[in-house]
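Reviewing the structure listed below.
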Amino acid sequence: MTDPDWRAPVDPPTPVTPVPFGKPWSIWAWGGLISTAGLALAVAPRPVLTLLHAHVETPSLPWVRFAGLLLLAYAMGYHVAGWTGQRTYMRASVVLRVFSLVVIGAFVLLDWLPKAWLAVGLADFVGAVWTTLELRWRPKPKAA
C-alpha cells in the first residue's frame, strides 16, 4: 500500500509564508529563549530557580529537570513554525502567550508564585505583541 515512486524530500521545506525581511524573528527568538530556559532547567536547575526566587526541595529536582525537557520539546514547535512559516501556529502562540501573563499574574496575586515570575509573564506578553505585529506586517500567501 505504499507508493513506489515516493521519496523523502532532499531539500528542507521552504517557508509557507513569504518573508520579505527574512525569518519570523519573534518566533525564532521565543523558541531560542524557551530552549535556553529548558536546557538550563534540565542541566542546572538550582541557579535558574534561585534567579526566580523559587525554593524547591532537593527531592523535587528531578521533576524540575523533567519540566526543562518538556520546555525543550515545546520550543521545538516554535523552531519548526519559524522554519516553515506556519502562521496558524504563530497566531495560536499569541493567544497562549498573552494568557500566560494573566495566569502568572493570578498566581502572583494568590501568592502561589514569587513576584519575580512576573518578568517571565511580561517577557511572554512582549513576545506575543511582537509576533502579532509581524503577522500583521507579513502578507498572506496568495492562492495560485
Gap separating the CG atom of Leu72 from the CG atom of Leu39, nearest 0.5 angstrom: 6.0 Å

Quick check on Tyr74: does its OH atom have over 12 non-hydrogen neighbours (other residues, nucleotides or ligands) under 6.0 Å away? yes

Once the angle between the rings of Tyr89 and Tyr78 is folded into 0 to 90°, is it parallel (under 30°), tilted (30 to 60°) or perpendicular (over 60°)? perpendicular

If I compare all heavy atoms of Ile27 with all of Ser93, which pair ends up nearest, and what's the gap? CD1-OG, 3.9 Å

Indicate, with yes or no, if Ile104 and Leu96 share a hydrophobic cluster defined by side-chain heavy-atom contacts under 4.5 Å among Ile, Leu, Val, Met, Phe, Trp and Tyr. yes

Among the clusters formed by ILVMFWY side chains lying less than 4.5 Å apart, do Leu113 and Val103 turn up in the same one? yes

Quick check on the hydrophobic clustering: are Met90 and Val95 connected, directly or via other members, by side-chain heavy-atom contacts under 4.5 Å? no

Rounded to the nearest 0.5 Å, how far apart are CG of Leu133 and OG of Ser26? 9.0 Å

Donor-acceptor pairs under 3.5 Å, side chain of residues 29-36 to any protein atom, not counting sequence neighbours: which ones?
residue : atom : partner : partner atom : Å
Ser35   : OG   : Gly31   : O            : 2.8
Ser35   : OG   : His79   : NE2          : 2.9
Thr36   : OG1  : Gly32   : O            : 2.8

Smallest heavy-atom separation, Gly121 atom then Leu101 atom, equals C-CD1, 3.5 Å

Please name the pair of heavy atoms, one in Pro47 and one in Ala44, separated by the smallest distance, quoted to 0.1 Å. CD-O, 3.1 Å

Within this structure, what is the CH2-OG distance for the pair Trp117 and Ser100, rounded to the nearest 0.5 Å? 11.0 Å

Could you tell me if the side chain of Val48 sits less than 4.5 Å from the side chain of Leu52, heavy atoms only? yes

Is Leu109 linked to Phe99 within one hydrophobic cluster, defined over Ile, Leu, Val, Met, Phe, Trp and Tyr using a side-chain heavy-atom separation of less than 4.5 Å? no

Mind checking whether Gln86 and Val80 have side chains closer than 4.5 Å, heavy atoms only? no

Kindly say whether Leu41 contributes a backbone atom to a donor-acceptor pair with the side chain of Arg65 at under 3.5 angstrom? no

Beyond-backbone contact of Leu61 with Arg46, side-chain heavy atoms, under 4.5 angstrom: yes

Side-chain heavy atoms nearer than 4.5 Å, only ILVMFWY residues, links allowed to pass through others: does that put Leu71 and Val56 together? yes

